[in-house]
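Accompanying notes for the structure given below.
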Amino acid sequence: MNQDFNKLIYKVNHADGSGSCFYLKPYDIFVTNYHVVAGYRTVAIQDNDRNPYEASVVVVNPDTDLALLAVDADFSHLPELEISDEVEPIIGSKVRVAGYPFGMPFTITEGSISSPRQLIGGKYYLQVDAPINPGNSGGPIINENGDVIGVTVSKFASSAADNMGFGVRAETLKQLLGMIENLDRTEFHVQCASCDELISGDEEYCPSCGAQIDESVLSTHELSPLEQFCESAIARIGINPVLARNGHDTWVFHRGSSEIRLFVYDRNYLFAVSPINLLPKKNVEDVLNFILETDLAPYKMGIDGRQVYLCYRIHLADITAESAERILDNIVGLATTADELDNRLVEEFGCEFSLYSKN
């Protein structure tokens, strides 16, 4: 098995959550589930080193739960992940499921094929007993030869059912990929469930067979006023807000070396937080005195274990037309202060950079 296949599996992020996707070099395309990107025309994808890229959703098929993403970047350095030519995977053969469960860093779980053609809801799926969790959706199911035999789609929705995971079969993915040779990657396409035609734009009916396109497939996520406010602050910092989205009312990005987290807490407070440094293991008195005595208003420094945080908090009710500019400036200022302060704590007090830092 190609041990570099982990480099081909990326995390998908947007304002409603996260999932997984994987890169197919011969097609220069990323594959995921439709339900992972439903409601979005643009999402962020992120490699295991937390490097983000903006990805356009170029094809969706709600019926098969597949979606294809295009990224305007050079991925020619990546290895090749092949789709298996095996017509019928063998029951009991070993598989690996790869992705980002619960939005965590890259994870691989192992198992075996329980059924190569499990009929559910009028469609055949690949069934495996490898542990699958939310966030794995859209990642590949890989056989012992290192080839893709399925696209992880779900875990059986029952508390009484353990180790029952399902994937879109490789043959279904191949059929979709066979239609994208001349695809205009600047447009959004829906694959017709009736005739398989790729319909561009926001057509309500298939021009080939006349089938109606579900309006929910054409709808897109609308930013709330609070989301617009937060993303305007992120844009002022010089970060593409799409790349910072990390779930509902949550954004994560780097300003220089420091990771910045912007999120709503308890539906009442907006926090901007940066885990800037780790305390030194010895001779901590000087840095502790610095933290206690230094006035960084409107920001506060705090400690949890060895982790040093820089924090800014504002009650949502305090965000008004009169205060909005000041609060935006404070959010931008936290990012700048964090990027300067983490270096100072390293140089003057022997602190370490946080594990979340990007050096």
Side-chain angles (χ1 to χ4, degrees), residues 13 46 49-52 103-105 226-227 229-241 243-320 322-359:
N13 288 322
Q46 186 183 81
D49 293 322
R50 295 180 291 173
N51 297 307
M104 294 171 61
L226 178 59
E227 289 174 320
F229 177 82
C230 292
E231 296 203 353
S232 68
I234 295 168
R236 288 190 184 191
I237 297 169
I239 302 296
N240 181 347
L243 302 184
R245 293 172 184 168
N246 198 48
H248 181 64
D249 287 346
T250 303
W251 297 262
V252 178
F253 57 93
H254 281 85
R255 170 64 160 81
S257 55
S258 294
E259 181 178 276
I260 312 298
R261 304 168 184 173
L262 188 63
F263 59 92
V264 174
Y265 175 73
D266 196 31
R267 289 189 273 186
N268 284 306
Y269 294 95
L270 178 63
F271 275 83
V273 177
S274 178
I276 51 176
N277 295 91
L278 295 176
L279 291 174
K281 295 182 178 180
K282 298 180 179 179
N283 303 319
V284 299
E285 184 176 353
D286 287 345
V287 67
L288 291 178
N289 287 333
F290 173 82
I291 292 172
L292 290 171
E293 297 171 359
T294 304
D295 183 7
L296 294 172
Y299 316 119
K300 299 288 186 181
M301 279 191 287
I303 300 173
D304 182 13
R306 290 184 63 207
Q307 181 68 67
V308 181
Y309 289 91
L310 185 68
C311 178
Y312 172 68
R313 184 189 73 172
I314 189 76
H315 197 286
L316 295 182
D318 292 331
I319 304 175
T320 64
E322 292 74 21
S323 66
E325 281 298 316
R326 172 178 56 81
I327 294 170
L328 288 172
D329 286 342
N330 288 341
I331 294 172
V332 173
L334 177 128
T336 302
T337 302
D339 188 34
E340 296 171 350
L341 189 58
D342 62 353
N343 290 287
R344 182 178 177 183
L345 293 183
V346 169
E347 294 166 3
E348 293 187 19
F349 302 104
C351 291
E352 301 173 33
F353 283 105
S354 167
L355 297 177
Y356 303 99
S357 299
K358 212 170 188 181
N359 298 324

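- The two atoms that bring Ile234 and Pro241 nearest to each other are CG2-CA, 4.1 Å, heavy atoms only.
- Across every non-hydrogen atom of Pro280 and Val287, the tightest pair is CD-CG1, 4.1 Å.
- Residues meeting the side chain to side chain donor-acceptor pair (under 3.5 Å) test with Asp342, sequence neighbours left out: Ser257, Ser258.
- Distance alone, capped at 3.5 Å, places no donor-acceptor pair between the Asp266 side chain and the Asn268 backbone.
- A salt bridge between Glu231 and Arg245 is present, with a side-chain N of the basic residue lying under 4.0 Å from a carboxylate O of the acidic one.
- Ile303 and Gly305 get closest at one heavy-atom pair: CG2-O, 3.1 Å.
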- Task: Take Leu310 and Leu341 through the test side-chain contact (heavy atoms from CB on, under 4.5 Å) and record every step on the way to the result.
- Result: CA-CA 9 Å; Leu310 185 68; Leu341 189 58; 4.3 Å; yes

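- Distance check: Leu278 CG to Cys351 SG gives 8.0 Å after rounding to the nearest 0.5 Å.
- Here the closest heavy-atom approach between residue Ala317 and residue Thr320 is recorded as O-CG2, 3.9 Å.
- Among pairs with a residue in residues 297-307, those fulfilling side-chain hydrogen bond (donor to acceptor under 3.5 Å, both in side chains) read Arg306-Glu352, Gln307-Ser354, at least two apart in sequence or across chains.
- Note: Phe349 and Phe290 have tilted aromatic rings, judged against thresholds of 30 and 60 degrees for the angle between ring planes.
- Here the side chains of Ile237 and Phe253 are in contact, with some heavy-atom distance below 4.5 Å.
- For the atom pair CG (Leu270) and CG (Asp249), the distance works out to 9.0 Å, reported to the nearest 0.5 Å.
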- Message: Test side-chain contact (heavy atoms from CB on, under 4.5 Å) on Phe271 and Leu262; report intermediate values, then the result.
- Response: CA-CA 6 Å; Phe271 275 83; Leu262 188 63; over 6 Å; no

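- For the side-chain hydrogen bond (donor to acceptor under 3.5 Å, both in side chains) condition, no pair includes a residue of residues 270-282, sequence neighbours left out.
- To the nearest 0.5 angstrom, Lys358 atom NZ is 6.0 Å from His254 atom NE2.
- At least one side-chain heavy atom of Leu226 sits under 4.5 Å from a side-chain heavy atom of Val264.
- Not one N or O on the side chain of Ser357 forms a donor-acceptor pair closer than 3.5 Å with the backbone of Phe353.
- Annotation for Val332 and Ala233: closest pair CG2-O, 3.8 Å, computed over non-hydrogen atoms.
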- Intermediate values then yes/no, side-chain contact (heavy atoms from CB on, under 4.5 Å), Leu345 and Ile276: CA-CA 9 Å; Leu345 293 183; Ile276 51 176; 3.9 Å; yes

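- Of the inter-residue distances, the one linking Phe229 atom CZ with Leu316 atom CG reads 9.5 Å to the nearest 0.5 angstrom.
- Taken from CD1 in Ile327 to SG in Cys230, the straight-line distance is 10.0 Å, to the nearest 0.5 Å.
- Counting heavy atoms from C-beta on, the side chains of Thr336 and Arg255 come closer than 4.5 Å.
- If you take OG1 on Thr294 and CG on Asn289, they are separated by 9.5 Å, rounding to the nearest 0.5 Å.
- Proximity of Asn246 to Trp251: side-chain heavy atoms (C-beta onward) are nowhere separated by under 4.5 Å.
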- Item | Trace of the side-chain contact (heavy atoms from CB on, under 4.5 Å) decision for Arg261 with Tyr356 | CA-CA 11 Å; Arg261 304 168 184 173; Tyr356 303 99; 3.4 Å; yes

